[in-house]
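Notes to accompany the following structure.
First listed ligand is number 1; within each ligand, the first listed atom is number 1.
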Amino acid sequence: MMLNTKNYDYLIVGAGPFGSIFAHEAAKLGKRSLIIEKRDHIGGNMYTHTEEGIQVHDFGAHIFHTDNKEVWNYINKFAEFNGFTNQVIANYKGDLYNLPFNMNTFYEMWGTKTPAEAKAKIEEQKAAAGISGSPKNLEEQAISLIGTDIYEKLIKGYTEKQWGRKATELPAFIIKRLPVRFIYDNNYFNHRYQGIPTGGYTQIFDKLLDNDLIDVQTGVDFFDNKDAYLAEFPRVLYTGMIDKFYDYKFGELEYRSLRFETETIDTDNYQGNSVVNYTDAETPYTRVMEWKHFDYKGASEDKTIITREYPQDWDRTKEAYYPVNDEKNTALYKQYAKEARTNKQVLFGGRLGGYRYFDMDQVINATFNAIREEFDLADDYRFDQN
Ligand code: UDP
């Protein structure tokens with residue numbers, strides 16, 4: 001079989017952000033790439049499509065946020081970003097609270113009005129729970145940050161259904177993704193730059209890949225011809241699951257999966273917010289997104305589209321969304337990573353290739369670093385300026 005038909009410099013497995021940016025930058029340096037993507041579309045989990053003029057994020061809400069100016073400038077070359085700021089509402093058994101944990105939440109929970117009052121309340125609950133020293137798991141981390149009331153109403157149920165395991169069996173770092181602030185500020189993120197690309201994310205990938213030196217084949221699975229690909233391509237960038245690449249020889253890494261239920265509704269405004277989290281343990285979904293509130297441009301005025309997000313167990317027939325970075329999986333991943341480092345032909349990247357709970361900006365930054373290394377670019381080579 002002839003797979004490397006054009007004397008490509010690179011085979012890139014996966015058309016998500018890592019693979020697409022790599023191909024784009026490699027093309028600028030005169031290198032030819034073939035991208036193969038097993039899905040029928042590019043963009044990985046950032047893929048969006050338009051329906052009723054509304055940008056629907058097919059793989060869950062993707063809100064771009066970063067402190068990295070190079071990454072921000074770079075992504076802005078491929079789309080115009082609106083001024084969206086994520087402000088999530090939590091619904092716990094019919095009561096509404098502001099997220100992330102801030103003075104509004106503390107007021108709604110306890111009626112506290114000043115930072116001193118809120119801090120005193122948290123300290124009191126932390127002491128009653130007997131939490132001291134460095135937190136060993138997500139539960140201890142959460143209680144030590146914001147006390148037991150907020151932990152029980154806004155974190156425990158959500159976290160345990162999201163991850164399918166006890167909060168005491170989860171790494172503390174997961175909850176540190178959410179800001180805790182003693183000011184009245186509902187911005188879900190602490191980053192300086194934030195927004196949604198007007199017209200969706202897919203256009204970014206169309207532009208990245210629109211190059212004579214890049215060919216893209218969708219609906220093509222690397223594993224249908226793994227040996228032949230490896231025999232024919234001098235260099236391979238692989239962004240799929242690293243354990244699968246090595247035929248699970250050290251064991252299977254665990255992931256958490258999601259299922260989405262999307263509905264078009266004949267109303268102009270269904271829930272009045274882009275994201276509402278359902279933080280009790282009983283509601284089977286974790287959150288409901290109403291897509292028009294992310295980006296109003298072009299959106300239908302009398303219809304709306306909502307998506308319910310259901311966490312689910314992962315198995316090989318399902319999409320792998322979240323790596324489960326607990327001790328066991330981290331140790332297993334390290335075995336694969338060690339093996340990968342000795343591989344002179346294949347470069348591993350992205351969320352699945354690196355088994356990391358990456359945000360979009362982190363993937364992009366990791367791609368930049370991989371390109372600097374691959375092409376021996378100077379450490380201060382700026383992708384937003386070249
Ligand atoms: N989380 C929570 N309650 C919420 C929202 C988040 O307990 O209402 C916890 C949960 O453990 C989750 C983590 O915070 O996995 C990180 O949330 P984030 O919104 O960053 O998750 P993502 O959007 O990446 O799924």
Side-chain angles (χ1 to χ4, degrees), residues 44-46 57 59-66 84-93 95-102 104-106 108-109 135 137-181 186-191 194 196 254-260 271 273-289 294 307-312 314 319-326 351-352 356-363:
N45 284 0
M46 288 169 70
H57 302 197
F59 301 92
H62 279 72
I63 300 146
F64 205 94
H65 55 95
T66 190
F84 179 83
T85 302
N86 196 27
Q87 303 199 31
V88 178
I89 297 291
N91 181 323
Y92 177 74
K93 303 193 178 192
D95 289 333
L96 303 185
Y97 298 91
N98 288 108
L99 290 175
F101 317 115
N102 75 91
N104 291 305
T105 328
F106 306 142
E108 290 148 358
M109 191 65 67
N137 56 52
L138 195 152
E139 176 171 297
E140 290 189 15
Q141 178 71 73
I143 295 173
S144 84
L145 285 170
I146 37 74
T148 35
D149 284 343
I150 292 182
Y151 171 65
E152 267 152 29
K153 291 184 175 168
L154 303 184
I155 297 175
K156 189 173 193 293
Y158 186 101
T159 296
E160 294 187 345
K161 61 188 177 183
Q162 163 70 10
W163 293 97
R165 59 196 78 201
K166 295 273 167 236
T168 47
E169 287 156 22
L170 283 164
F173 84 87
I174 294 177
I175 199 65
K176 289 176 97 177
R177 288 172 56 82
L178 307 193
V180 177
R181 343 184 151 93
N186 297 326
N187 185 351
Y188 199 72
F189 303 111
N190 272 334
H191 291 142
Q194 183 175 171
I196 297 284
E254 288 175 284
Y255 301 88
R256 192 70 181 146
S257 192
L258 300 172
R259 179 171 68 80
F260 297 101
Q271 63 180 16
N273 200 37
S274 49
V275 185
V276 178
N277 287 2
Y278 289 79
T279 58
D280 64 291
E282 293 75 29
T283 307
Y285 42 88
T286 46
R287 47 190 167 189
V288 179
M289 280 73 69
F294 289 89
T307 298
R308 292 184 196 86
E309 181 174 323
Y310 295 81
Q312 63 178 1
W314 176 83
E319 289 291 346
Y321 280 90
Y322 297 90
V324 181
N325 295 106
D326 60 9
R351 178 177 48 99
L352 300 173
R356 283 206 37 201
Y357 189 170
F358 262 144
D359 286 330
M360 290 179 280
D361 63 324
Q362 296 171 314
V363 186

Per the under 4.0 Å non-hydrogen criterion, ligand 1 touches Leu99, Leu154, Ile155, Tyr158, Thr159, Gln162, Trp163, Ile174, Ile175, Arg177, Leu178, Tyr188, Asn277, Thr279, Arg287, Tyr322, Tyr357
Identify, with sequence neighbours excluded, every residue that meets side chain to side chain contact (heavy atoms under 4.5 Å, CB included) alongside Phe173.
Pro171, Asn325, Tyr357
Taking atom types as modelled and ignoring hydrogens, do the side chains of Glu319 and Asn45 form a donor-acceptor contact shorter than 3.5 angstrom?
no
Electrostatic pair Lys153-Asp95, nearest N-O below 4.0 angstrom:
no
Between Ile174 and Trp163, is a side-chain contact (heavy atoms from CB on, under 4.5 Å) present by the stated rule, with each step listed?
CA-CA 10 Å; Ile174 294 177; Trp163 293 97; 3.7 Å; yes
Geometric cation-pi criterion, Arg351 with Phe358: 6.0 Å, 45°
no
When the ring centroid of His57 is compared with that of Phe294, is the distance short of 6.0 Å?
yes
